[in-house]
Protein chains: 2
Amino acid sequence: MKPDHQKSLLTNCAIPAALEAVGERWSFLILRGAFNGLHHFEEFQSTLGIARNILSNRLARMVEHEILKREPDPADRRRVAYRLTEKGRELLPVLIALRQWGEKWVSGVPSNPVLVDRAARRPVAPIAVTAADGRPLSLEELDWVDRAEVAQG
Amino acid sequence: MKPDHQKSLLTNCAIPAALEAVGERWSFLILRGAFNGLHHFEEFQSTLGIARNILSNRLARMVEHEILKREPDPADRRRVAYRLTEKGRELLPVLIALRQWGEKWVSGVPSNPVLVDRAARRPVAPIAVTAADGRPLSLEELDWVDRAEVAQG
DNA sequence: TCTGCTCAGTTGCTATCTGCAACCTATATG
DNA sequence: CATATAGGTTGCAGATAGCAACTGAGCAGA
């Protein structure tokens with residue numbers, strides 16, 4: 001009765017894996033800070049108002065997961081810079097999609113600063129699910145299908 | 001010294017607002033279930049293995065936030081269906097982006113079931129940040145700019 | 001109509017996580 | 001040297017999550 005794929009919801013989905021890395025409270029906000037040019041412990045702490053122990057824990061965790069890398073500053077050995085790795089940078093679509101959703105459906109007001117296309121100086125487009133050819137797809141145009149049944153490239 | 005917009009990171013961003021609605025543990029997994037055709041309490045509970053009290057709490061919370069709507073079944077008054085609202089459905093890009101990221105960077109294996117374009121029967125494209133004209137943008141092509149300075153339409 | 005079963009929760013208790021404030025250590029700065 | 005700064009750690013209180021057992025309304029069959 002029930003579609004077969006529902007059985008594999010738990011076992012065969014990367015969402016739990018992703019949440020293991022960035023699903024805790026504050027993780028997304030720390031990342032947003034990193035995308036906005038924050039690099040140092042005290043910057044994150046004072047900008048976000050997060051408790052120091054939690055911040056310490058989250059940074060360490062994201063460093064473990066190689067979302068951030070920890071770079072001690074050779075010029076001032078007290079200072080440590082946290083920088084996004086490639087893995088971390090690729091979380092941008094998630095972050096922006098979440099922000100756009102919050103803007104549209106929760107806060108109602110446009111966020112600031114705005115992420116713009118550097119060349120055109122215009123805000124980026126709303127993030128959407130698209131087909132391989134770039135055509136945007138609504139939920140009605142989408143299906144969940146077992147991988148084995150998909151015509152892959 | 002510090003870009004001006006960093007001051008408004010906390011106050012002028014919709015990410016905290018979004019996280020208030022869907023940032024708790026299990027919320028995303030419940031949503032994924034809903035997108036995959038789960039509707040009833042016992043379905044969510046047995047599929048996800050979530051504790052009943054937590055599930056009850058999360059469902060209530062997402063109903064409050066109008067991400068799900070609670071629909072008692074008139075044919076069997078024990079049963080209650082939880083269905084995605086338009087607001088909830090628009091979280092799909094966030095969910096898919098998160099899943100694609102987890103697939104690529106954490107779990108390493110393709111998830112199942114796969115979301116496909118119904119017409120083409122092919123998996124949806126990787127979710128990306130794009131310019132207004134649809135051109136995909138890398139981080140190097142992006143800037144954070146104060147809204148006031150953006151040439152809006 | 002009585003019995004048992006199903007659905008959707010609630011309750012009570014324990015374990016884990018969060019948040020605040022104070023403290024600490026290494027390094028720089030005057 | 002005294003003092004300040006960066007990046008933490010510690011201890012403890014309160015909030016949140018998780019497990020197991022229980023409840024209570026509503027059906028279904030005998």
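Residue numbers begin at 1 in each chain, while the letters A, B, ... track the order of the sequences.
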Peer 1: Tell me: CZ of A:R70 to P of D:dA6, nearest whole Å?
Peer 2: 15 Å
Peer 1: By nearest heavy atom, map A:Y82 and A:R25 onto DNA chain D; which one lands nearer the 5' end?
Peer 2: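 Taking each residue's closest nucleotide, the earlier one in sequence belongs to A:Y82.
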Peer 1: Partners of A:E64 by salt bridge (charged side-chain N to carboxylate O under 4.0 Å, His left out), sequence neighbours excluded?
Peer 2: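 By the salt bridge (charged side-chain N to carboxylate O under 4.0 Å, His left out) rule, A:E64 matches no residue at all.
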Peer 1: So if I take the C1' atoms of five pairs at each end of the helix from C:dT1-D:dA30 to C:dG30-D:dC1 and get each local axis, what angle do the two axes make, rounded to 10 degrees?
Peer 2: 20°
Peer 1: State which residues pass side chain to side chain contact (heavy atoms under 4.5 Å, CB included) with A:R118; sequence neighbours excluded, sorted by chain then number.
Peer 2: A:R121, B:D143
Peer 1: Could you grab the distance from atom CZ of B:F35 to atom CZ of B:F28, nearest 0.5 Å is fine?
Peer 2: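 Result: 10.5 Å between the selected atoms.
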Peer 1: Using the test side chain to side chain donor-acceptor pair (under 3.5 Å), find all partners of B:R135 that sit at least two apart in sequence or belong to another chain.
Peer 2: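 Partners of B:R135 under the side chain to side chain donor-acceptor pair (under 3.5 Å) test: A:D117, B:D133.
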Peer 1: What residues in residues 52-65 of chain B put a non-hydrogen atom under 4.0 Å from any atom of DNA chain C?
Peer 2: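 Going residue by residue through residues 52-65 of chain B, the ones with a heavy atom under 4.0 Å of DNA chain C turn out to be B:R52, B:N53, B:S56.
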Peer 1: Using a 3.5 Å cut-off and no angle test, enumerate the donor-acceptor pairs between side-chain atoms of residues 49-58 of chain B and protein atoms at least two apart in sequence or in another chain.
Peer 2:
residue : atom : partner : partner atom : Å
B:R52   : NH2  : B:E42   : OE2          : 2.8
B:R58   : NE   : B:R25   : O            : 3.0

Peer 1: If the condition is salt bridge (charged side-chain N to carboxylate O under 4.0 Å, His left out), which residues does A:R61 pass it with, not counting sequence neighbours?
Peer 2: A:E20, A:E24
Peer 1: Does A:R77 have any side chain to side chain donor-acceptor pair (under 3.5 Å) partners at least two apart in sequence or in another chain, and if so, which?
Peer 2: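 None.
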Peer 1: Would you tabulate the pairs of protein nitrogen or oxygen atoms and nucleotide nitrogen or oxygen atoms of nucleotides 24-27 of chain D closer than 3.5 angstrom?
Peer 2:
residue : atom : partner : partner atom : Å
D:dG26  : OP1  : B:R77   : NH2          : 3.1
D:dG26  : N2   : B:R78   : NH1          : 3.1
D:dC27  : OP1  : B:R77   : N            : 2.6

Peer 1: Which pairs with one or both residues in residues 88-99 of chain A pass side chain to side chain donor-acceptor pair (under 3.5 Å), sequence neighbours excluded?
Peer 2: A:E86-A:R89, A:E90-B:K104, A:E90-B:W105
Peer 1: Considering every strand and a 4.0 Å limit on heavy-atom distances, what is the contact class for A:F44: base, sugar-phosphate, or nothing?
Peer 2: nothing
Peer 1: Is the phosphate of D:dG18, meaning OP1 or OP2, less than 4.0 Å from a side-chain N or O of B:W26?
Peer 2: yes
Peer 1: Identify, with sequence neighbours excluded, every residue that meets side chain to side chain donor-acceptor pair (under 3.5 Å) alongside B:D73.
Peer 2: none
Peer 1: Report the residues that fulfil side chain to side chain donor-acceptor pair (under 3.5 Å) with B:S27, sequence neighbours left out, ordered by chain and then residue number.
Peer 2: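 Listed in chain order: nothing, the list is empty.
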Peer 1: Ignoring backbone atoms, test whether A:H40 places a side-chain nitrogen or oxygen under 4.0 Å from the OP1 or OP2 oxygen of D:dG7.
Peer 2: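 Indeed, a polar side-chain atom of A:H40 lies that close.
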